[in-house]
Amino acid sequence: METNEIVRVLSAIGVDSGGIRPHLNGRNVQTRCPLATWTHPGGVDANPSMTVEIRPKGPSRYRCWSSGCRSKGMFKNLVLEVWRKKGKPPEMVELVETVLELEQGDLTEAIAKTLSLFQVEDAAPGPSEDALVHEESEIEEFMKAGPPKYFFKRGFNRKDAKEWEVGFDKHSVRMVFPVRRRDGALIGVQGRALLPRAPRRYYNYWTFPASRFLYGAHLIKEDKIKALITVEGATDAWQVRRATRTSRRYRYYYPVASLGTSFGPEQVKELLSYGVPIYQFPDNNDEGGSFEAADDLAAAVEGRVPVYRLETDEGADPGATRAERIIELLDEAFVV
């Protein structure tokens with residue numbers, strides 16, 4: 001299926017527009033899993049965890065990278081499965097039949113039918129950046145509580161906690177950290193659940209649009225920056241910074257995190273605005289998606305800034321990599 005067809009089908013089966021994002025390399029569409037209600041912890045997919053392959057001349061495949069779901073197969077079967085789990089509502093019959101017909105071949109008539117059937121209104125523009133700014137008083141309680149024991153068990157210290165403003169939400173039992181705009185304005189808080197059976201591992205307070213900002217950008221000294229190191233999560237950024245700030249060579253190589261499985265268009269624009277080389281440090285665990293997202297980012301900035309990649313150890317991610325090893329990987333980074 002084509003990109004616009006996949007997006008319209010996903011919208012038709014119940015995925016909100018904010019949870020659908022075509023990848024920058026044009027190979028697939030990233031989406032919140034429509035099976036989350038039945039297969040994800042707590043019945044929620046907080047961040048797009050599924051990829052749907054774009055194949056204009058053949059049937060598309062899908063895969064959910066969430067460890068709680070792992071669903072994969074033909075896209076038409078995904079639509080069929082959602083219909084079944086919803087109790088086979090009559091109003092979805094035409095949708096299912098059209099998708100099944102379209103995915104059997106390159107049928108012009110079916111494509112036309114699909115485009116008319118799944119027509120949806122353009123999404124309204126998101127709020128302005130200034131409208132997203134919050135008062136510092138809103139995180140005072142978290143900051144006064146200080147970092148939880150879990151933070152120190154991960155090998156971090158009080159200097160790290162102060163730099164990244166790590167706190168604790170006693171009510172929800174989450175390790176929390178503010179997300180700031182490049183100028184330091186507070187635009188969100190992300191929390192990491194510490195209870196083993198929490199429905200969500202990560203939670204964005206105030207539902208701020210994480211894909212619009214680079215986590216860690218407010219710590220960059222723009223008059224000294226030499227390179228950016230892109231990572232996925234906050235813990236990854238913390239550990240990479242622990243390593244680079246102790247190195248004379250890499251002191252001004254700053255980590256920034258997407259706080260998601262990939263970097264959105266606005267994040268890519270901000271990455272390019274620094275005009276420095278980008279070092280990619282993807283996760284290398286069994287959840288997948290990180291190397292594909294790294295390829296997408298490399299394609300998006302190709303020809304504008306140099307891009308290097310760190311060859312991560314198998315089964316590891318930046319947040320679990322020793323500082324000494326991170327320096328070694330930076331020394332061995334290769335051109336993408």
Side-chain angles (χ1 to χ4, degrees), residues 134-170 172-194 201-205 210 213-259 274 276 278-281 283 310 312-313 316-331 333:
H134 288 259
E135 297 292 332
E136 296 292 329
S137 59
E138 296 183 59
I139 62 171
E140 280 184 4
E141 182 180 350
F142 300 153
M143 298 301 104
K144 285 181 180 179
K149 293 180 180 179
Y150 172 85
F151 178 78
F152 300 108
K153 288 181 179 179
R154 290 295 302 265
F156 299 108
N157 55 39
R158 294 201 174 276
K159 182 177 180 180
D160 302 318
K162 183 178 180 180
E163 182 174 31
W164 296 98
E165 302 174 276
V166 180
F168 184 49
D169 180 350
K170 295 180 180 179
S172 300
V173 195
R174 295 191 187 103
M175 177 175 67
V176 297
F177 43 90
V179 179
R180 297 187 179 276
R181 202 167 58 185
R182 189 168 176 171
D183 62 2
L186 177 67
I187 52 91
V189 173
Q190 189 168 95
R192 201 276 190 196
L194 301 182
R201 187 179 181 187
Y202 288 97
Y203 175 77
N204 288 344
Y205 291 68
F213 303 95
L214 295 174
Y215 177 68
H218 67 291
L219 297 177
I220 295 174
K221 295 181 179 179
E222 298 191 26
D223 59 332
K224 295 184 178 181
I225 183 173
K226 293 183 178 179
L228 289 168
I229 304 173
T230 58
V231 295
E232 184 174 315
T235 305
D236 301 327
W238 304 345
Q239 183 64 3
V240 169
R241 186 57 186 149
R242 287 193 75 199
T244 60
R245 74 179 177 213
T246 60
S247 167
R248 179 174 297 181
R249 180 177 180 182
Y250 299 116
R251 179 180 294 274
Y252 299 113
Y253 282 48
Y254 290 97
V256 287
S258 60
L259 295 185
Y274 290 95
V276 296
I278 294 175
Y279 284 70
Q280 300 180 319
F281 199 172
D283 287 4
L310 281 64
T312 53
D313 298 325
D317 59 61
T321 303
R322 293 179 298 105
E324 297 82 4
R325 180 58 180 155
I326 291 175
I327 297 301
E328 291 175 359
L329 294 171
L330 282 167
D331 290 338

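In this text, all values refer to a predicted model and were calculated from it rather than measured experimentally.
- Of the possible polar contacts, one joining the Thr246 side chain to the Ala243 backbone as a donor-acceptor pair under 3.5 Å is found.
- For residues 243-253, every residue pair satisfying the salt bridge (charged side-chain N to carboxylate O under 4.0 Å, His left out) rule, not counting sequence neighbours, is listed here: Asp160-Arg245, Glu163-Arg245, Arg249-Asp331.
- Using modelled atom types, no side-chain atom of Glu165 and backbone atom of Met143 make a donor-acceptor pair closer than 3.5 Å.
- Contact detail for Pro178 and Ile139: the closest heavy-atom pair is CB-CD1, 4.2 Å.
- Between Phe281 atom CZ and Glu232 atom CD the span is 12.5 Å, to the nearest 0.5 Å.
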| task | Determine, step by step, whether Ile229 and Ile278 satisfy the side-chain contact (heavy atoms from CB on, under 4.5 Å) criterion, reporting the C-alpha distance in whole Å, the side-chain angles of both residues, the deciding distance to 0.1 Å, and the verdict. | result | CA-CA 6 Å; Ile229 304 173; Ile278 294 175; over 6 Å; no
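- Annotation: side chain of Tyr150 is in contact with side chain of Arg192 (closest heavy-atom distance under 4.5 Å).
- Shown here for Tyr202 and Thr235, the closest heavy-atom pair between the two residues is OH-OG1, 4.4 Å.
- The environment of CD in Glu136 is crowded: more than 12 heavy-atom neighbours from other residues, nucleotides or ligands sit within 6.0 Å.
- Checked for salt-bridge contact, Glu328 and Arg325 meet the test: a charged N lies under 4.0 Å from a carboxylate O.
- Using a cut-off of 4.0 Å between Lys/Arg side-chain N and Asp/Glu carboxylate O, Asp183 and Arg181 are scored as salt-bridged.
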| request: Applying side-chain contact (heavy atoms from CB on, under 4.5 Å), run through Tyr274 and Leu228 and close with a yes or a no. | output: CA-CA 9 Å; Tyr274 290 95; Leu228 289 168; 3.7 Å; yes
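- Minimum heavy-atom separation, Pro318 to Gln239: O-CG, 3.3 Å.
- A pairwise comparison of heavy atoms in Tyr254 and Tyr252 identifies OH-CD2, 3.3 Å as the closest pair.
- Checking side-chain atoms of Arg158 against main-chain N and O of Pro147 turns up no donor-acceptor pair under 3.5 Å.
- Taken to the nearest 0.5 Å, the OG atom of Ser172 stands 7.0 Å off from the CZ atom of Phe142.
- With rounding to the nearest 0.5 Å, the separation of CZ in Arg241 from CD1 in Ile326 is 12.0 Å.
- Of the inter-residue distances, the one linking Lys149 atom NZ with Met175 atom CE reads 15.5 Å to the nearest 0.5 angstrom.
- Cation-pi contact between Arg174 and Tyr203: present, with separation from the ring centre below 6.0 Å and deviation from the ring axis of at most 45°.
- Annotation: side chain of Trp164 is in contact with side chain of Leu219 (closest heavy-atom distance under 4.5 Å).
- Applying the ring-ring contact (aromatic ring centres under 6.0 Å, His included) criterion to Tyr253, with sequence neighbours excluded, gives Tyr250, Tyr279.
- In this structure, Ala333 and Leu310 approach most closely via the heavy-atom pair CB-CD1, 4.2 Å.
- Ring planes of Phe177 and Trp238: perpendicular class, angle over 60° (limits at 30 and 60°).
- For the pair Phe168 and Leu194, the minimum side-chain heavy-atom distance is below 4.5 Å.
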| request: Any chance you could lay out the side-chain contact (heavy atoms from CB on, under 4.5 Å) test for Val231 and Val240, step after step, and finish with the verdict? | output: CA-CA 9 Å; Val231 295; Val240 169; 4.1 Å; yes
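- Taking each heavy atom of Gly216 and Val256 in turn, the nearest pair found is C-CG1, 4.3 Å.
- A distance-only check finds a donor-acceptor pair linking the side chain of Asp236 to the backbone of Gly319 [under 3.5 Å].
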| task | Decide yes or no on side-chain contact (heavy atoms from CB on, under 4.5 Å) for Leu330 and Thr244, but give the supporting numbers first. | result | CA-CA 10 Å; Leu330 282 167; Thr244 60; 4.2 Å; yes
